[in-house]
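To start, the structure under review is shown below, and the notes come after it.
Just so you know, ligand 1 is whichever comes first in the structure, and atom 1 is the first atom listed for that ligand. Residues take their numbers from the sequence shown, with the count starting at 1.
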Amino acid sequence: MATTLAEADETVDFAARLEHVSKSFTGPGGQQLVLDDISIDVAPGEFVTLLGASGCGKSTLLNLVAGLDRPTAGSITTDGRPALMFQEHALFPWLTAGKNIELALKLRGVPKPLRRDKAEELLELVRLKGAYGKRVHELSGGMRQRVAMARALAQESNLLLMDEPFAALDAITRDVLHDELTRIWAETGVSVLFVTHNVREAVRLAQRVVLLSSRPGRIAREWEVDIPQPRRIEDAPVAELSLEITEVLRGEIRRHGQH
Ligand SMILES: Nc1ncnc2c1ncn2[C@@H]1O[C@H](COP(=O)(O)OP(=O)(O)OP(=O)(O)O)[C@@H](O)[C@H]1O
Ligand SMILES: [Mg+2]
């Protein structure tokens with residue numbers, strides 16, 4: 001079983017389709033079932049957050065969608081090759097911010113003379129105008145994640161996969177980047193599958209929150225988030241829904257004896 005890309009001439013009504021996906025790892029203790037029978041559709045332009053306790057298989061699932069690993073059973077189809085963004089920015093330290101983005105453009109086949117302007121444009125989109133010539137070590141953590149976001153957007157994928165991209169940032173910077181991501185999502189129409197263990201972050205960002213249970217990871221529940229954007233993490237409706245989801249998450253964690 002593998003992750004397949006929809007045929008180029010095929011019109012699909014999803015950015016990603018996961019059908020009965022399971023994943024086991026074989027370790028010293030034998031086979032471990034990490035993900036069990038996960039079916040999710042991400043619609044074109046939809047923002048979905050995948051929420052679950054640490055170790056429940058969120059990164060494993062995202063890696064499967066990215067095609068970095070294969071499911072043990074089930075199938076995954078994506079509309080084109082997804083772009084990926086991780087907790088660690090994974091920028092090349094020997095390249096400037098601009099050149100990191102240009103590399104992604106090069107890999108996409110953008111001709112050399114067009115790359116510089118396109119990179120500047122993307123830097124402007126993530127509000128880093130003027131950072132083109134800055135080296136990675138000259139940038140703050142928040143700025144690095146902005147460059148990483150610009151680099152992911154440079155791939156012009158229909159689907160952006162994000163694995164706790166703001167987890168290492170302080171609360172204020174994270175708040176600002178939530179606003180930026182929401183704005184960029186609305187502006188570009190990209191679909192987003194965003195992984196987090198932070199309930200408030202999940203509710204702040206998503207149109208739909210999918211809660212995974214632990215050991216094995218199964219879909220425990222889903223919530224449509226009907227709160228108008230732009231939202232703030234401290235808004236009352238965000239807090240209210242977060243509380244409801246946290247209760248269910250706590251129940252899931254208790255069931256599995258974790259703390
Ligand atoms: N390549 C692998 N080989 C063996 N076991 C693995 C492998 N990758 C992940 N696992 C196991 O799968 C389970 C889920 O891991 P995963 O990293 O997907 O969790 P997660 O939900 O992303 O956790 P966190 O919130 O801490 O990032 C863990 O028990 C982990 O040890
Ligand atoms: Mg993870």
Side-chain angles (χ1 to χ4, degrees), residues 1-3 16 18-40 42 47-76 78 82-91 141 144-145 148-149 152 159-171 174 177-178 181 192-206 208-223 233 242 245-259:
M1 294 290 163
T3 303
L18 286 72
E19 292 174 294
H20 305 293
V21 171
S22 297
K23 179 70 182 173
S24 302
F25 290 112
T26 313
Q31 275 237 330
Q32 183 200 0
L33 181 64
V34 171
L35 295 170
D36 187 25
D37 198 21
I38 308 273
S39 295
I40 307 174
V42 180
F47 199 130
V48 177
T49 49
L50 209 57
L51 178 68
S54 183
C56 78
K58 303 181 296 295
S59 296
T60 302
L61 190 62
L62 219 61
N63 287 345
L64 295 177
V65 180
L68 297 176
D69 201 355
R70 290 158 162 258
T72 311
S75 69
I76 301 175
T78 58
L84 261 172
M85 189 178 159
F86 301 103
Q87 181 173 344
E88 293 301 323
H89 57 77
L91 297 170
R144 289 175 196 180
Q145 287 310 79
M149 213 188 303
L159 177 63
L160 186 53
L161 303 173
M162 306 182 94
D163 193 353
E164 312 215 32
F166 309 137
L169 303 175
D170 64 86
R174 196 183 316 145
L177 283 169
H178 286 159
L181 176 58
V192 182
L193 185 56
F194 186 107
V195 156
T196 182
H197 57 250
N198 182 325
V199 182
R200 285 232 184 177
E201 178 172 60
V203 175
R204 156 72 187 84
L205 292 170
R208 186 154 57 100
V209 176
V210 178
L211 178 68
L212 286 187
S213 64
S214 302
R215 296 178 190 184
R218 294 195 177 111
I219 295 183
R221 250 179 92 175
E222 287 191 21
W223 286 263
I233 210 150
S242 299
I245 296 176
T246 303
E247 281 306 311
V248 180
L249 181 58
R250 279 214 186 100
E252 283 299 322
I253 292 173
R254 260 198 306 274
R255 262 182 351 107
H256 296 277
Q258 296 175 348
H259 298 284

Exercise. In the protein, what heavy atom is nearest to atom 25 (O) of ligand 1, and what distance, to one decimal place, separates them?
Worked result: Lys58 NZ, 2.8 Å

Exercise. Would Cys56 count as a contact of ligand 1 if the rule is a heavy atom under 4.0 Å away?
Worked result: yes

Exercise. Which N, O or S atoms belonging to the protein are less than 2.8 Å from the Mg ion (ligand 2)?
Worked result: Ser59 OG

Exercise. Do side-chain atoms of Lys58 reach the backbone of Gly52 as a donor and acceptor pair under 3.5 angstrom?
Worked result: yes

For this session: Determine the minimum heavy-atom distance between Arg70 and Leu64, stating which atoms define it.
Result: C-CD2, 3.4 Å

Seminar exercise, completed: Closest non-hydrogen contact found for Gln145 with Pro165 is NE2-O, 2.5 Å

Seminar exercise, completed: Note: heavy atom closest to atom 15 (O) of ligand 1, options Thr60, Leu50, Leu35, belongs to Thr60

Exercise. Taking the side chain from Ser39 and the backbone from His20, do they hold a donor-acceptor pair closer than 3.5 Å?
Worked result: yes

Exercise. What protein heavy atom sits nearest atom 17 (O) of ligand 1, and how far away is it?
Worked result: Ser59 CB, 3.8 Å

For this session: Among all protein heavy atoms, pick out the one at the shortest distance from atom 1 (N) of ligand 1; state its residue, atom name and that distance to 0.1 Å.
Result: Phe25 CE2, 3.5 Å

For this session: Check ligand 1 against Glu164 and write out every atom of the ligand that is under 4.0 Å from a heavy-atom position of the residue.
Result: 25 (O), 27 (O)

Exercise. At a 4.0 Å threshold, what atoms of ligand 1 neighbour a non-hydrogen atom of Ser54?
Worked result: 23 (O), 24 (P), 25 (O), 26 (O)

Exercise. Of all the atoms in ligand 1, which lie at a distance below 4.0 Å from a heavy atom belonging to Gly57?
Worked result: 14 (C), 16 (P), 18 (O), 19 (O), 20 (P), 21 (O)

Problem set entry | Val21 side chain reached by Lys23 side chain, heavy atoms, under 4.5 Å | no

Exercise. Do side-chain atoms of Thr72 reach the backbone of Ser24 as a donor and acceptor pair under 3.5 angstrom?
Worked result: yes

Exercise. Which protein non-hydrogen atom lies closest to atom 23 (O) of ligand 1, naming both residue and atom, and how far is it?
Worked result: Gly55 N, 2.7 Å

Exercise. Would you call Arg204 and Glu201 a salt bridge, using N to O less than 4.0 angstrom?
Worked result: no

Problem set entry | Contact bool for atom 31 (O) of ligand 1 (protein heavy atom, d < 4.0 Å) | no

Seminar exercise, completed: Nearest heavy-atom contact between Leu159 and Ala16 is CD2-CB, 3.7 Å

For this session: State the atoms of ligand 1, each with its element, that fall below the 4.0 Å cut-off from a heavy-atom position in Val34.
Result: 12 (O), 13 (C), 14 (C)

For this session: Give a yes or no answer on whether the side chain of Arg174 reaches the backbone of Leu169 with a donor-acceptor pair at less than 3.5 Å.
Result: yes

Exercise. Between the side chain of Ser22 and the main-chain N/O of Asp37, is any donor-acceptor distance below 3.5 Å?
Worked result: yes

Problem set entry | Interatomic spacing from CG in Leu212 to CD1 in Ile40 - rounded to 0.5 Å | 6.5 Å

For this session: For residues Ser213 and Cys56, report the shortest heavy-atom separation together with the two atoms involved.
Result: O-CB, 3.6 Å

Problem set entry | Ligand-residue contact atoms, ligand 1 with Gln32, heavy atoms, under 4.0 Å | 29 (O)

